[in-house]
Amino acid sequence: MSSDRYPFLEIESKWQRIWEQRRQFQVSEDPSRPKFYCLEMFPYPSGRIHMGHVRVYAIGDVLARFKWMRGYNVLHPMGWDAFGLPAENAAIEHGVHPAIWTYENIDYMRAQLKKMGLSYDWSREVTTCEPSYYKWEQLIFIKMLERGLAYRRRSTVNWCPSCQTVLANEQVEDGRCWRCASEVTPREIEGWFFKITAYAEELLAWCDRLPGWPERVMTMQRNWIGKSEGAEFDLPVAGRPGLAVRVFTTRPDTVFGMTYAVLAPEHPLVDRLVADDRERAAVEAFRAEVARQSEIERTAADRPKRGLRLGARVVNPFTGAEIPLFIADYVLMGYGTGAIMAVPGEDQRDWDFARANGLPIIETVQRPPGWTGEAYTGDGIKINSGFLDGLTVAEAKRRAVEWLVERGLGEAKVNYRLRDWGISRQRYWGAPIPVLYCERCGMVPEKEENLPVVLPRDVQISGKGGSPLAEVASFVNAPCPACGGRARRETDTMDTFVESSWYFLRYCSPHYEGGMFEPRAAEYWMPVDQYIGGIEHAVLHLLYARFYTKVLRDLGLTKVDEPFQALLSQGMVIKDGAKMSKSRGNVVDPDDLIRTFGADTARLFSLFAAPPEKDLEWNDHGVEGCSRFLNRVWRLVLGRLDEIRSALATAAPSTAEGRAFRRTIHETIARVTHDIEREFHFNTAVSAIMELVNALQAFDQASTDRMPAGERAALLREGVETLLRLLAPFCPHITEELWERLGHSGSLFRAPWPEPDPGALVREAVELVVQVDGKVRGRVTVGVDAPEEEVRRRALADDRVRAWAPADRVARVVVVPNRLVNIVTRR
RNA sequence: GCGAGAGUGGCGAAACUGGCAAACGCACUGGACUUAGGAUCCAGUGGGCGAAAGCCCUUGGGGGUUCAACUCCCCCCUCUCGCACCA
């Protein structure tokens with residue numbers, strides 16, 4: 001089975017060694033050359049790489065090597081997102097220290113990646129759990145603290161009972177922990193936040209200015225930021241001067257349709273509004289009922305809305321009318337003011353609630369004719385709305401806000417769904433938050449010269465809850481940086497998404513000791529020209545990194561507004577229709593794959609089987625096909641080695657057959673270049689290369705006697721050398737080896753990417769399809785750009801065409817130059 | 001419910017700004033070479049009718065625009081992903 005295969009194991013390790021010895025992919029800033037920063041999302045060192053890694057790194061490597069060959073100075077780094085919970089869980093389960101577990105995994109996975117033959121500058125490897133790395137984010141934390149961008153507050157947060165820590169909003173999916181899928185529960189806790197909301201508007205605005213990002217991701221980010229424009233104003237409580245319910249609405253035009261108002265159950269005003277013990281008891285019972293529902297139940301679709309009518313009433317300032325006031329579970333304390341005016345005529349939720357509770361419904365927008373729906377949210381002319389009558393919705397919104405502002409009752413207001421990023425984690429394996437709590441001075445940041453605050457190694461990790469750091473006296477007890485008195489260190493660590501929010505900057509100067517990164521290096525390399533990673537980070541890492549970059553910019557550290565120029569979000573690797581997972585037993589192990597078929601085959605298949613943004617269905621037979629293809633290339637080149645080596649470098653064919661073959665070569669160059677550069681359609685680029693191999697083989701077999709030997713050899717050489725160069729980014733080992741065996745001394749990756757020769761692309765003649773009434777009935781061969789009259793005459797002269805379209809029935813002839821002729825007939 | 005994307009052979013997929021649907025690969029069938037082959041090479045392979053030449057049909061369904069529609073427009077169906085009481 002293996003005797004006919006090319007010796008991929010030897011060849012691959014040989015070239016991996018040579019590239020490393022030559023430091024082939026080490027780069028430095030070189031202003032004389034255009035730069036290209038190619039980055040794939042760095043992995044978490046979970047233990048072993050999986051097929052998803054193989055795919056994403058193969059995609060990045062094709063791009064990086066392609067850019068190398070096109071003359072770019074390519075930064076292509078790799079590192080480790082090394083802090084995180086699995087390390088700590090491993091410690092709890094197996095008693096191994098998180099650091100040891102992490103570094104062992106890194107060593108293993110680095111070796112695996114090296115076996116893939118990836119063009120990384122390994123001298124820039126970054127590991128985020130090292131003090132020399134997180135030192136700088138501690139420094140930035142202090143600077144953010146000074147500017148109010150980092151702050152501490154008590155709040156209700158998402159608590160994962162299994163991970164024993166707080167989660168950011170972005171890390172909760174369907175009410176469950178993004179990592180372990182446990183149901184999260186609300187918990188009142190003191191914690192640290194980054195003020196990402198201060199950048200909501202800018203993050204949103206730039207969503208329209210990143211054309212290199214997939215629309216899908218931008219839409220998810222826009223929705224996540226969730227900007228809504230409207231008005232905020234007071235509804236005075238009837239008979240309680242000085243007390244008012246502040247409401248937010250995006251539809252100030254509908255104020256005349258307000259028939260009741262609603263507070264969130266936990267709204268602080270509720271306690272002041274209850275009239276007596278009986279009402280208080282009812283409120284408490286209602287609150288308890290709401291609290292019993294889990295997050296998942298609360299957000300389930302079509303949940304009936306439940307509410308409790310309070311004795312207090314509020315006044316609609318526009319009409320002076322007193323309306324009832326409720327607390328209800330469909331109003332959330334966390335958004336807007338935690339209170340709404342209810343307009344059942346124009347809001348479906350209010351409509352549902354009004355119907356269930358027998359409340360009146362007033363329509364304030366003229367329905368379109370034939371309207372049969374319930375609440376109407378479309379555009380139209382205002383009715384039943386006092387001074388707003390006759391206006392459009394947009395005009396009425398403006399006028400209503402003016403009215404509020406003139407009377408000092410309210411104002412225009414923009415709300416965002418985005419919340420500040422909770423970064424405190426009550427866990428050990430993360431970067432310490434560099435602040436202390438002094439008995440006299442209160443909260444005090446660590447002095448810059450004392451950074452890094454190093455995470456101690458010697459801890460007891462029990463998993464019992466609470467940060468294990470709290471038990472380490474030598475860590476916790478430290479002098480106050482302000483007064484020198486007794487202080488206790490913060491024992492929360494930072495969310496690991498903080499490390500990944502700036503690693504791409506660290507790669508620019510990974511050994512720089514004067515700061516986060518060397519400004520000149522970052523100015524040269526940033527932004528990342530092409531970022532590649534999974535869609536699962538659409539509102540996690542990709543939003544945090546954008547935010548953090550803007551913070552660094554505003555601290556004067558970088559000039560870039562956005563970290564990632566372009567984003568390619570690759571699909572999953574699936575097998576038998578489902579994501580690969582141990583429990584399904586459909587996992588393909590990259591080690592096995594590389595051992596059996598070699599890295600070039602593994603790379604080729606993962607690039608060929610599907611376009612990068614789509615899911616890739618793994619198919620063992622398909623892998624064998626790719627292996628077969630590489631063996632064919634191997635035999636093709638070695639079988640003609642002497643002939644090719646003796647040939648002239650370029651061919652000037654004297655025969656039509658030779659010219660046709662040379663045209664195929666150069667058309668392939670154009671196709672492959674276009675597919676890689678413009679579209680990232682590596683699958684079609686590979687198929688074009690396969691077609692070239694087929695053409696080479698056909699030429700090799702057919703041309704032996706019919707062509708001068710020198711011409712044949714020169715064409716074979718041009719074909720084979722072009723093939724190797726086009727295939728090089730995909731399968732770097734076999735192509736380097738064959739390139740060397742052809743007698744080249746330098747690396748293939750120092751050879752320029754081929755350019756199509758315009759002269760070779762010229763055709764003398766083209767075959768046109770002749771259609772009659774849109775159906776193909778014949779073909780004619782004419783000169784390129786033949787005059788329309790001639791094309792028409794030749795098409796009509798074709799025997800078969802005449803049978804379908806006799807001269808007397810021809811109504812019209814459409815000629816598309818160099819493509820086809822369509823003859824339209826009268827019936 | 002809202003938003004985004006997608007529906008093409010037995011399978012993964014191609015088809016540039018409307019111009020030969022199914023490139024390339026897998027699988028399958030037949031043949032060659034072989035002691036043998038699951039290696040390699042050659043031929044075939046969307047469906048139907050036909051001995052063949054050829055004819056008809058076919059890109060989720062239905063309409064439309066056009067000389068010409070996988071591609072553009074309208075309606076409908078299905079699937080995937082994201083958001084989901086955000087006022």
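Source: prediction; values computed, not measured. Proteins come first, then strands; the chains are lettered A, B, ... in the order of their sequence lines, and each starts at number 1.
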J.: Is the shortest side-chain N to carboxylate O distance from A:Glu215 to A:Arg222 below 4.0 Å?
T.: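 So A:Glu215 pairs with A:Arg222 through a salt bridge.
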J.: Scan nucleotides 14-24 of chain B nucleotide by nucleotide, 5' to 3', and note B when protein non-hydrogen atoms come under 4.0 Å of the base, S if they reach only the sugar-phosphate, - if neither.
T.: S-B--BB--BB
J.: Quick check: on RNA chain B, is the nucleotide nearest A:Glu624 upstream (toward 5') of the one nearest A:Asp350, or the reverse? Name the residue that is more 5'.
T.: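 This one resolves to A:Glu624.
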J.: So, OP1 or OP2 of B:rC55: does either fall under 4.0 Å of a side-chain N or O from A:Trp804?
T.: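 Answer is yes, contact under 4.0 Å.
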J.: By nearest nucleotide on RNA chain B, pick out whichever of A:Gly625 and A:Gly226 is the more 5' one.
T.: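 Nearest-nucleotide comparison on RNA chain B picks A:Gly625.
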J.: Does any donor atom in the side chain of A:Tyr330 or A:Asp350 lie under 3.5 Å from an acceptor atom in the other side chain?
T.: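 Distance-only check passes for A:Tyr330 and A:Asp350.
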J.: By nearest atom, which of the nucleotides B:rG12, B:rC81, B:rA87 is closest to the A:Ser228 side chain?
T.: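 Nearest nucleotide to the side chain: B:rA87.
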J.: Sticking with atom P, work out how far B:rC41 lies from B:rA51, rounded to a whole angstrom.
T.: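 The answer is 35 Å between these two P atoms.
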J.: Which one, B:rG12, B:rA87, B:rC26, comes nearest to the side chain of A:Asn619?
T.: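 That would be B:rC26.
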J.: Would you say B:rA27 has OP1 or OP2 under 4.0 Å from some side-chain N or O of A:Arg628?
T.: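 So the side chain of A:Arg628 is within the cut-off, an N or O lying under 4.0 Å from OP1 or OP2 of B:rA27.
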J.: Map every base of RNA chain B to its dot-bracket character, where paired means a Watson-Crick or G-U wobble contact with both distances under 3.5 Å and | marks a partner outside the strand.
T.: (((((((..(((......[....))).(((((.......))))).((((....))))..(((((..]....))))))))))))....
J.: Nearest-Å distance, CG (A:Leu616) to P (B:rU80)?
T.: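 It works out to 20 Å between those atoms.
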J.: Locate the shortest heavy-atom distance separating A:Ser385 from A:Phe256; write the atom from each residue and the value.
T.: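 Looking at all heavy atoms of both residues, the shortest contact is O-CE1, 3.1 Å.
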J.: Is a salt bridge present between A:Lys227 and A:Glu201, judged by a nitrogen-to-oxygen distance below 4.0 Å?
T.: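 Counted as a salt bridge, because a side-chain N and a carboxylate O are separated by less than 4.0 Å.
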J.: Respond yes when some side-chain nitrogen or oxygen of A:Arg222 is under 4.0 Å from OP1 or OP2 of B:rC83, and no when none is.
T.: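 No.
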J.: Show me the donor-acceptor pairs within less than 3.5 Å that the side chains of residues 682-691 of chain A make with the rest of the protein, sequence neighbours left out.
T.:
{"unit_1": "A:Thr684", "atom_1": "OG1", "unit_2": "A:Asp675", "atom_2": "OD2", "d": "2.9"}
{"unit_1": "A:Thr684", "atom_1": "OG1", "unit_2": "A:His681", "atom_2": "O", "d": "2.9"}
{"unit_1": "A:Ser687", "atom_1": "OG", "unit_2": "A:Thr684", "atom_2": "O", "d": "2.9"}
{"unit_1": "A:Glu691", "atom_1": "OE2", "unit_2": "A:Arg671", "atom_2": "NH2", "d": "3.1"}

J.: Would you call A:Val247 and A:Leu235 a side-chain contact if the rule is heavy atoms closer than 4.5 Å?
T.: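 Side chain of A:Val247 against side chain of A:Leu235, heavy atoms only: contact under 4.5 Å found.
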J.: Hey, what do you get for OH (A:Tyr416) to CD1 (A:Ile225), rounding to the nearest 0.5 Å?
T.: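 Result: 9.0 Å between the selected atoms.
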J.: Think A:Arg216 has a side-chain N or O under 4.0 angstrom from the OP1 or OP2 of B:rG5?
T.: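 No, outside the criterion.
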J.: Report yes if the distance between the aromatic ring centroids of A:Phe597 and A:Phe8 is under 6.0 Å, otherwise no.
T.: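 So the answer is no for these two rings.
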J.: Within less than 4.0 Å of OP1 or OP2 of B:rA53, is there a side-chain N or O belonging to A:Arg800?
T.: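 Negative; the distance criterion is not met.
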